[in-house]
Amino acid sequence: MALHIYNVLHREKMPFEPLHEGRVHIYVCGPTVYDHAHVGHAKTYVSFDVVVRYLRFRGYDVLYVQNLTDVGHLLDSGEDRILKKASQSQALPMQIVETYARSYFDDMDALGVVRPDISPRASGHSPEQIAMIETLIARGDAKVTARDNVDYEVHRWPEYGKLSNRRLDEQEAGARIDPHDDKRRAEDFALWKAAEPEHIMRWDSPWGVGYPGWHIECSAMAKKYLGATFDIHGGGVDNIFPHNECEIAQSEAANETLFARFWMLVGSLTVPDEFGIPVKMSKSLGNFYTIKDALKLYRAEVLRTFILTSHYRNPVVFSEEALDGARKGWERLYGVVRLTREKLRTAGPGDGGAAFLDVLDKTRQKFIEALDDDFNAPGGIAVLHDLTREVNTLLNSGQPVGRAVLEAIDTTYRELGGDVLGIIPDEAAAGGAASAEREAGLIRLLVDMRTEARAARDFAAADRIRDQLAALGVALEDRPDGTVWRVS
RNA sequence: GGCGACGUCGCCAAGUGGUAAGGCAAGGGUCUGCAAAACCCUCACCGUGGGUUCGAGUCCCACCGUCGCCUCCA
């Protein structure tokens with residue numbers, strides 16, 4: 001059973017073989033950097049983070065491109081999002097872009113999302129955008145309008161609608177036409193827009209000073225870094241129409257070849273409203289959670305666990321109960337890793353418990369089986385929970401477990417839970433700094449003192465140490481073979 | 001109105017034809033100085049009604065309910 005991916009383009013799971021052997025080219029629509037990222041962004045980018053991590057785990061050489069949209073993404077009113085924010089905060093547009101691009105990377109770093117190999121900005125690619133538009137004009141697929149806009153003429157592309165499964169005659173026509181536009185058909189979209197005097201983000205073009213349309217940016221950048229045809233295009237489902245559909249139309253027309261071979265779209269994240277009905281986040285409803293907000297309440301691994309316990313294609317409701325459930329489930333997984341590492345500190349060199357290596361092999365097989373099935377992360381987490389029961393049983397059994405087996409257990413969690421899913425921290429990340437070492441030493445000293453008190457049946461002193469440590473967020477567990485501690 | 005998706009135990013959730021993974025919660029036990037953690041046991045006729053099939057949560061139809069998109073959105 002090889003890797004299968006649900007391809008939105010064909011609405012079915014298909015076996016995945018990259019275009020170039022051993023190498024996967026993937027493009028994911030990045031955010032428009034005009035505000036702090038919210039938990040919906042976290043769902044999308046954590047999902048693709050696991051896709052990329054898993055492809056690498058499977059041995060593929062992955063080239064991952066995720067753009068930053070910093071121009072041309074307009075609001076209903078026709079205003080550019082970046083420009084509007086800039087005028088509101090009395091800053092230059094590129095200050096806004098810089099501020100929120102940094103904020104975005106900070107958030108992604110905090111969530112343990114591996115950075116894309118290339119994070120191209122739309123504003124830096126006007127030569128590529130213009131070249132593509134010129135090709136489309138030469139082909140007769142795009143027209144320069146009387147106002148020096150360039151519009152893509154959708155009726156020229158017979159396959160328009162193949163991704164989102166829409167046909168033009170089914171759409172409500174003319175719902176929104178910008179008064180500054182002079183396009184002839186409502187479904188046509190802008191490749192290039194002439195800049196009004198107040199539009200200070202502007203570039204020279206053969207059609208005068210202007211700026212690119214949102215859709216052409218992704219087409220131009222994907223082609224530049226990944227080629228005309230590449231393996232996977234990702235994004236959130238909410239962009240399937242019009243954005244992704246327009247990308248396909250203009251790219252396949254201009255390049256005269258297939259654009260992305262596989263389309264992977266992530267289900268939306270909603271938030272319960274006052275009646276508990278899931279709705280999209282919006283600032284006006286007061287249900288807008290930034291990643292920074294969420295990270296104050298839950299650690300990154302817990303947020304990732306929450307996101308990854310449902311399949312990436314499904315919609316998810318961001319609720320406190322679900323988050324708390326994810327937290328407890330994660331604590332169970334991390335608890336056994338902590339226990340394993342604690343035992344490793346003092347373990348003897350023998351190979352006791354070697355029969356357990358077979359369990360680890362089977363775990364790895366089942367995990368791969370799950371992830372091979374369209375990146376079924378929930379299935380992968382369930383496999384880790386099954387392993388966790390077995391490891392707990394082993395470590396509580398009293399039989400001697402040698403260093404080799406403990407290391408193999410740790411490696412299994414490190415690779416599957418850490419490298420692929422990003423929910424099991426490294427020892428170092430959990431506190432490898434000098435101060436953390438000192439703290440651990442102090443805690444061990446207190447634990448030893450308590451052990452002596454218990455041996456002397458001085459339970460008052462023992463409980464005092466335990467209670468004080470608990471108040472500081474350090475939980476103790478007395479096990480047959482000694483006391484272990486963990487930071488809660 | 002059109003397009004798409006979803007409805008599985010109190011909660012979250014996997015499962016695209018062969019008698020329902022996993023986590024949380026709950027109840028009962030084991031262990032423990034007491035705890036905590038862990039382990040064991042218990043806990044689902046898969047929205048409703050039809051149909052196809054030897055056999056359906058899984059396929060088809062209808063209905064009910066929910067969500068998303070229809071040129072702002074990851």
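Residue numbering restarts at 1 for every chain, and letters A, B, ... go by the order of the sequence lines.
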*What is the base-pairing partner of B:U52, counting Watson-Crick and G-U wobble geometry with both distances under 3.5 Å?*
none
*CD of A:Gln365 versus P of B:A21: gap in Å, rounded?*
20 Å
*Using the P atom in both, what is the distance from B:G47 to B:C9, to the nearest Å?*
8 Å
*Taking 4.0 angstrom as the limit, do A:Asp106 and A:Lys292 come out as a salt bridge?*
no
*asked:* Go through it in stages, so that I can follow the logic: the residues are A:Tyr211 and A:Ser123, the test is side chain to side chain donor-acceptor pair (under 3.5 Å), and I'd like the CA-CA distance, side-chain angles, deciding distance and then a yes or no.
replied: CA-CA 9 Å; A:Tyr211 58 95; A:Ser123 61; over 6 Å; no
_When the P atoms of B:A21 and B:A44 are compared, how many Å lie between them, rounded to an integer?_
11 Å
_Closest to the A:Arg466 side chain, choosing from B:U16, B:A35, B:G23_ = B:A35
*Start with the C-alpha gap between A:Tyr27 and A:Asn67, add the side-chain angles, then the distance that decides, and say whether side chain to side chain donor-acceptor pair (under 3.5 Å) holds.*
CA-CA 8 Å; A:Tyr27 185 93; A:Asn67 71 293; 3.1 Å; yes
*asked:* I want to verify a distance call: between B:C34, B:A74, B:C39, whose nearest atom is closest to the A:Asp463 side chain?
replied: B:C34
*Under 4.0 Å between a side-chain N or O of A:Arg450 and OP1 or OP2 of B:A35?*
no
*Closest-nucleotide 5' rank along RNA chain B - winner of A:Lys328 and A:His38*: A:Lys328
*side chain to side chain donor-acceptor pair (under 3.5 Å) between A:His36 and A:Asp293: does it pass, once the steps are laid out?*
CA-CA 10 Å; A:His36 294 297; A:Asp293 290 338; over 6 Å; no
*Using purine N1 to pyrimidine N3 plus N6-O4 or O6-N4 for Watson-Crick, or N1-O2 and O6-N3 for G-U wobble, both under 3.5 Å, which nucleotide pairs with B:G33?*
none
*From the list B:C39, B:G33, B:A13, which nucleotide is the closest neighbour of the side chain of A:Pro378?*
B:A13
*Sugar-phosphate only, base, or nothing, as touched by A:Asp238 at under 4.0 Å among non-hydrogen atoms*: base
*Phosphate OP1/OP2 of B:C69 contacted by A:Asn239 side-chain N/O (<4.0 Å)*: no
_B:G22 OP1/OP2 closer than 4.0 Å to side-chain N/O of A:Arg389_ = no
*Interatomic distance where CG belongs to A:Leu323 and P belongs to B:C11 [whole Å]*: 17 Å
*Just to confirm, is there a sub-4.0 Å distance from OP1 or OP2 of B:A14 to any side-chain nitrogen or oxygen of A:Asn314?*
yes
_A:His41 side chain near B:A74 phosphate (N/O to OP1/OP2, under 4.0 Å)_ = yes
_From C-beta outward on A:Arg454, which listed nucleotide comes closest to its side chain: B:C3, B:C34, B:A74?_
B:C34
*Geometric cation-pi criterion A:Arg327 and A:Tyr298, 6.0 Å radius, 45° cone*: no
*Using the aromatic ring of A:Tyr45 (for Trp, its six-membered ring), decide whether it stacks on the base of B:A74 within the limits of 5.5 Å and 30°.*
no
*Of the nucleotides B:A21, B:U71, B:G15, which has the atom closest to the A:Pro242 side chain?*
B:U71
*Scan every strand shown for a Watson-Crick or G-U wobble partner of B:A21, both distances under 3.5 Å, and answer none if you come up empty.*
none
*Integer angstrom distance from the C1' of B:C12 to that of B:C6*: 15 Å
*If B:G57 has a Watson-Crick or G-U wobble mate with both distances under 3.5 Å, name it; if not, just say none.*
none
*If the P atom of B:G10 is compared with that of B:U53, how far apart are they to the nearest Å?*
34 Å
*Choosing from B:G22, B:C39, B:A14, which nucleotide comes nearest the side chain of A:Asn392?*
B:C39
*Between A:Lys143 and A:Asp188, is a salt bridge (charged side-chain N to carboxylate O under 4.0 Å, His left out) present by the stated rule, with each step listed?*
CA-CA 10 Å; A:Lys143 286 225 163 53; A:Asp188 291 348; over 6 Å; no
_For a quick check of understanding: with a heavy-atom distance under 4.0 Å over all strands, which category does A:Gly30 fall into, base, sugar-phosphate or nothing?_
sugar-phosphate
*What is the distance from OH of A:Tyr334 to P of B:A36, rounded to the nearest Å?*
23 Å
*asked:* For B:G7, give the paired nucleotide (Watson-Crick: N1-N3 plus N6-O4 or O6-N4; G-U: N1-O2 and O6-N3; both under 3.5 Å), or none.
replied: B:C64
*Report the residue (A:Glu477 or A:Thr309) whose heavy-atom-nearest nucleotide on RNA chain B is the more 5′ of the two.*
A:Thr309
*Can you find a donor-acceptor N/O pair under 3.5 angstrom joining the side chain of A:Asp478 to the base of B:C34?*
yes
*asked:* Distance check, P atoms only: B:C60 and B:A38, in whole angstrom units.
replied: 42 Å
_Residues A:Lys362 and A:Asp386 bridged, charged N to O under 4.0 Å_ = no
*Tell me which nucleotide among B:G33, B:G22, B:A14 gets nearest to the side chain of A:Ala382.*
B:G22
*Would you tell me if any nitrogen or oxygen in the side chain of A:Asn165 comes within less than 4.0 Å of OP1 or OP2 on B:G4?*
yes
*Closer than 4.0 Å, any side-chain N/O of A:Asn396 to the OP1 or OP2 of B:C39?*
no
*P spacing across the pair B:G49 / B:C43, given as an integer number of angstrom*: 25 Å
*Who does B:U16 pair with, Watson-Crick or G-U, both distances under 3.5 Å?*
none
_Please report the distance separating the P of B:C69 from the corresponding atom of B:A62, rounded so that it comes out in whole Å._
25 Å
_Spacing of the P atoms in B:C63 and B:G57 (rounded, Å)_ = 23 Å
*Nearest to the side chain of A:Arg332 - B:A38, B:A13, B:C3?*
B:A38
*Residue list, salt bridge (charged side-chain N to carboxylate O under 4.0 Å, His left out) with A:Arg332, at least two apart or on another chain*: none
*asked:* Going by purine N1 to pyrimidine N3 plus the second Watson-Crick contact, or the G-U wobble pair, all under 3.5 Å, which nucleotide sits opposite B:A26?
replied: B:U42
